[in-house]
Amino acid sequence: MRLAYFIAVLSLAGSSCQHSLSYEFAIVHDTIRMKDGVKLAVTYFVPRAQSSGERFPVLFEMLPYRKDDFFYARDFPIYSYFAKAGFLMAKVDIRGTGSSEGQVPPREYSEEEMNDALEIIDQLSRYKDSNGNIGMWGLSWGGFNSLQVRMRKPPALKAVLAIHASDDLYHDDIHYIDGIRHFDSYSIDLEGDTTFPRAPDYLLDESYFRDRFDQYPWFLSYLKQQRDGGFWRRQSVRFDSSPNNIPLYLIGGLNDGYRDTVSR
């Protein structure tokens, strides 16, 4: 029922989706070109129209977790379900990660990531099978960047679903939990993931070393930001007081590290 609310919001303004899991779909691997020429890898799960001129709302997720190898087994059943329900699914590798071109961003939820997301949403609203309504969603990282993109109010963004995500990047994220520096295997895994070469060719060429291997590690940047302040608050929804009418659905749990977000 909760997810049904999110689906209903996206179905407004011209969607013809029936949510009966009756749609066949095709999987399309493509790229989206950014204004600076960098091509970001995208995988579409595209429903096949059941009537002439039928268009679909788009659900957009953007992660650095390598959609074409590490996360494909996780993505396929989720994306297939929504495609069968009549949603056009779009999964994008953040620039400099996975199969996307470009340099690894200087941090999580960077300005580069936010700007790319805004541009992607605009392009997805004009995609040939899209009805112009975009929903952004995700769990953990995908929830974080969905909240932060919502702060920027892109016109085509009609709803956000954030699962286990924080609105306070200092006190309630994994780096300085309640102000105490935290290390676990995630930090090591993430630094390793961002240095992997691009799928599917995994070339160890000059661009790989320039854009990925030789980049400054994120955890060292965070060690230089041991106190709360602008570095953390600039992207923290908790400190954004501007009006925002984009519908937001939050999911959390009592044992979730980010549980305070939902109650706040």
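Please read these numbers as outputs of a predicted model, since none were measured by experiment.
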Do the side chains of [X] and [Y] join up, straight or via other hydrophobic residues, at under 4.5 Å, putting them in one cluster?
X: Phe25; Y: Tyr81; result: yes
X: Met151; Y: Phe239; result: no
X: Leu223; Y: Tyr216; result: yes
X: Ile177; Y: Tyr186; result: no
X: Tyr208; Y: Phe196; result: no

Is any side-chain heavy atom of [Y] closer than 4.5 Å to one of [X]?
X: Ile32; Y: Lys39; value: no
X: Ile163; Y: Leu161; value: yes
X: Lys158; Y: Ile246; value: no
X: Gln50; Y: Ser22; value: yes
X: Leu169; Y: Gln148; value: yes
X: Trp141; Y: Tyr65; value: yes
X: Pro154; Y: Val149; value: yes
X: Leu88; Y: Pro47; value: yes

| field | Derivation of the side chain to side chain contact (heavy atoms under 4.5 Å, CB included) call for Leu40 and Asp93 | value | CA-CA 6 Å; Leu40 304 186; Asp93 281 335; over 6 Å; no
Between [Y] and [X], do the side chains contain a donor N or O and an acceptor N or O under 3.5 Å apart?
X: Asp167; Y: Thr261; value: yes
X: Asp69; Y: Tyr202; value: yes
X: His175; Y: Gln225; value: no
X: Asp168; Y: Ser166; value: no

Got a salt bridge between [X] and [Y], using NZ or NE/NH1/NH2 to carboxylate O under 4.0 Å?
X: Glu113; Y: Arg152; value: no
X: Asp122; Y: Arg126; value: yes
X: Asp36; Y: Arg95; value: yes

Would you confirm whether [X], through its side chain, and [Y], through its main-chain N or O, come within 3.5 Å as a donor-acceptor pair?
X: Asn244; Y: Arg150; answer: yes
X: Gln215; Y: Pro105; answer: no
X: Ser130; Y: Leu124; answer: yes
X: Ser80; Y: Phe76; answer: yes
X: Asp201; Y: Leu203; answer: no
X: Ser146; Y: Val160; answer: no
X: Arg74; Y: Phe71; answer: no
X: Thr97; Y: Thr194; answer: no
X: Thr31; Y: Ala41; answer: no
X: Glu191; Y: Ile188; answer: no

Could you grab the distance from atom [atom1] of [X] to atom [atom2] of [Y], nearest 0.5 Å is fine?
X: Leu250; Y: Leu147; atom1: CG; atom2: CG; value: 6.0 Å
X: Phe56; Y: Asp129; atom1: CZ; atom2: CG; value: 7.0 Å
X: Leu63; Y: Phe144; atom1: CG; atom2: CZ; value: 12.0 Å
X: Ser221; Y: Lys224; atom1: OG; atom2: NZ; value: 6.5 Å
X: Asp214; Y: Phe209; atom1: CG; atom2: CZ; value: 7.5 Å
X: Asn131; Y: Arg55; atom1: CG; atom2: CZ; value: 9.5 Å

Given the side-chain rings of [X] and [Y], with only the six-membered ring counted for Trp, is the space between their centroids under 6.0 Å?
X: Tyr127; Y: Tyr44; value: yes
X: Phe231; Y: Tyr170; value: no
X: Tyr258; Y: His164; value: no

| query | Hey, what's the ring geometry for Tyr176 with Trp232, parallel, tilted or perpendicular (30° and 60° as the breaks)? | reply | perpendicular
| Using 30° and 60° as the class limits, which term best fits the ring planes of Phe82 and Trp137: parallel, tilted or perpendicular? | tilted
| said: Go through it in stages, so that I can follow the logic: the residues are Thr43 and Lys91, the test is side chain to side chain donor-acceptor pair (under 3.5 Å), and I'd like the CA-CA distance, side-chain angles, deciding distance and then a yes or no. | reply: CA-CA 5 Å; Thr43 297; Lys91 175 70 176 286; over 6 Å; no
| So does Arg181 have more than 12 non-hydrogen atoms from other groups sitting under 6.0 Å from CZ? |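 Atom CZ in Arg181 is crowded, with more than 12 foreign heavy atoms closer than 6.0 Å.
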| Counting only heavy atoms not in Glu24, do more than 12 fall under 6.0 Å of its CD? |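 Atom CD in Glu24 is not packed in, count stays at 12 or less.
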| task | Carefully, step by step, assess Arg264 and Asp172 under the rule salt bridge (charged side-chain N to carboxylate O under 4.0 Å, His left out). | result | CA-CA 12 Å; Arg264 276 197 294 261; Asp172 289 339; 2.5 Å; yes
| task | Before giving the answer on side chain to side chain contact (heavy atoms under 4.5 Å, CB included), spell out for Gln123 and Met34 the whole-Å C-alpha distance, their side-chain angles and the decisive distance to 0.1 Å. | result | CA-CA 10 Å; Gln123 292 198 37; Met34 299 293 97; 4.1 Å; yes
| Where is the tightest heavy-atom contact between Val42 and Ala90, given as atom of each residue plus distance? |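 That would be CG2-CB, 4.3 Å.
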| Can you name the nearest heavy-atom pair linking Tyr23 to Ala83, along with the distance? | CB-O, 3.5 Å
| request: Please determine if Arg66 forms a cation-pi arrangement with Phe70, meaning its NZ or CZ atom is less than 6.0 Å from the six-membered ring centre and no more than 45° off the ring axis. | output: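 Satisfied, under 6.0 Å and within 45°.
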| task | Determine, step by step, whether Tyr79 and Phe87 satisfy the ring pair (Phe, Tyr, Trp, His ring centres under 6.0 Å) criterion, reporting the C-alpha distance in whole Å, the side-chain angles of both residues, the deciding distance to 0.1 Å, and the verdict. | result | CA-CA 9 Å; Tyr79 278 60; Phe87 288 87; over 10 Å; no
| said: Arg233 and salt bridge (Lys or Arg N to Asp or Glu O under 4.0 Å): which single residue from Asp240, Asp228, Asp173 fits? | reply: Asp228
| said: Assess the residue pair Tyr72 and Lys67 against the criterion (side chain to side chain contact (heavy atoms under 4.5 Å, CB included)); give the C-alpha distance rounded to whole Å, side-chain angles, the decisive distance to 0.1 Å, and a yes or no. | reply: CA-CA 5 Å; Tyr72 191 77; Lys67 66 180 179 62; over 6 Å; no
| Given Lys153 and Ser242, is the side chain to side chain contact (heavy atoms under 4.5 Å, CB included) satisfied, shown in steps? | CA-CA 10 Å; Lys153 307 179 184 70; Ser242 62; 3.1 Å; yes
| query | side chain to side chain contact (heavy atoms under 4.5 Å, CB included) with Asn145: which of Glu61, Gln235, Met114? | reply |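 The residue from Glu61, Gln235, Met114 that satisfies side chain to side chain contact (heavy atoms under 4.5 Å, CB included) with Asn145 turns out to be Met114.
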